[in-house]
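Atoms within a ligand are numbered from 1 in the order they appear, just like the ligands themselves. All residue numbers in this chain count up from 1 along the given sequence.
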Amino acid sequence: MNNSPIGVFDSGMGGLSVASEILKVLPEESVAYFADFAHVPYGERPYSEIRSFALAISEFLVSRGAKAIVMACNVSSAVAMDTVRERFPRIPVIGMIKSGAKAAVAAAAGKPVGVLATTGTIKSKAYDAEIAKLAPEIPVFGVGCPRFVPLVEAGKTHSPEAMEAAREYAEPLTKADCGTIVLGCTHYPFLADAVRAAAPKAKLINPAEEAASYLKQTLERLDLLSAEKTGDKFYASGENKNFLTLGSEFLGEEIHAVKYVTL
Ligand code: DGL
């Protein structure tokens with residue numbers, strides 16, 4: 001048993017969609033959540049930058065006692081997973097891509113899969129590669145959605161702009177007959193209503209559900225489950241005035257305080 005926190009990070013508030021799934025399946029666990037508001041959005045940045053952010057944040061979380069790291073950020077998972085695993089070979093490091101691919105293949109029944117994600121994730125072809133490992137016959141169509149993350153960070157998840165952006169991004173996937181759409185950025189589950197309105201027939205996949213269940217299995221296997229919750233903690237590298245209010249709504253539990261950290 002180990003009551004230390006699970007380190008969870010993202011560029012901003014998107015990773016709260018993952019933290020909330022983790023706390024649903026592992027209610028005795030505590031999370032140490034890091035929002036990299038100083039650098040959000042990650043989606044259009046060079047991979048070298050995303051890797052150095054992932055490394056610095058993981059080092060911070062491990063210095064705060066994290067017993068596992070969840071990269072609650074698809075683009076970091078796509079390009080920085082190996083870097084973080086090499087730095088912490090004895091700590092489980094869990095990303096989003098394998099989980100999203102597994103859930104998508106299970107839902108797709110051999111039909112085309114669409115991926116909505118940041119430009120960086122789409123360009124990395126990480127989802128294409130993971131889906132191909134599981135089901136090489138499934139065609140994968142990716143669409144980069146640069147307008148989505150700023151809308152979520154601003155709390156405009158149900159705004160006309162969000163509806164319009166969702167229509168634009170989903171259209172090529174509907175045309176390609178994608179019956180399954182992966183919400184391949186942790187901010188996008190908060191836009192699920194907009195995406196559903198734009199592609200009403202598609203099944204939407206939130207990789208966080210599969211990732212949380214994989215995390216649970218991993219902690220069980222390594223005998224790292226917590227016996228008792230010690231409390232969730234929230235850290236940020238910069239300011240987002242919405243964090244306490246909107247973040248609490250996204251997480252589904254009250255965020256009382258955030259500690260600012262310069263890395
Ligand atoms: N939420 C992150 C992801 O899952 C990063 C989004 C961004 O900052 O562009 O990819």
Enumerate donor-acceptor pairs with a distance under 3.5 Å from any side-chain N or O in residues 205-217 to protein atoms, sequence neighbours excluded.
| from | atom 1 | to | atom 2 | distance (Å) |
| --- | --- | --- | --- | --- |
| N206 | OD1 | A208 | N | 3.0 |
| E210 | OE2 | K102 | NZ | 3.1 |

Validation: residues 21-29 side-chain donor-acceptor distances under 3.5 Å, sequence neighbours left out:
| from | atom 1 | to | atom 2 | distance (Å) |
| --- | --- | --- | --- | --- |
| E21 | OE2 | K24 | NZ | 3.1 |
| E29 | OE1 | K67 | NZ | 2.6 |
| E29 | OE2 | S226 | N | 2.7 |

*Should V143 and F141 be marked as a side-chain contact (heavy atoms from CB on, under 4.5 Å) after you check the CA-CA gap, both sets of side-chain angles, and the distance that decides it?*
CA-CA 7 Å; V143 176; F141 296 88; 5.9 Å; no
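A distance below 6.0 Å separates the ring centres of Y235 and F60. If you look at F148 and Y188, their ring centroids are closer than 6.0 Å.
A search for ring pair (Phe, Tyr, Trp, His ring centres under 6.0 Å) contacts involving Y42 returns F53, not counting sequence neighbours.
Within 4.0 Å of ligand 1, protein heavy atoms come from D10, S11, V40, P41, Y42, G43, C73, N74, V75, T118, V149, C185, T186, H187.
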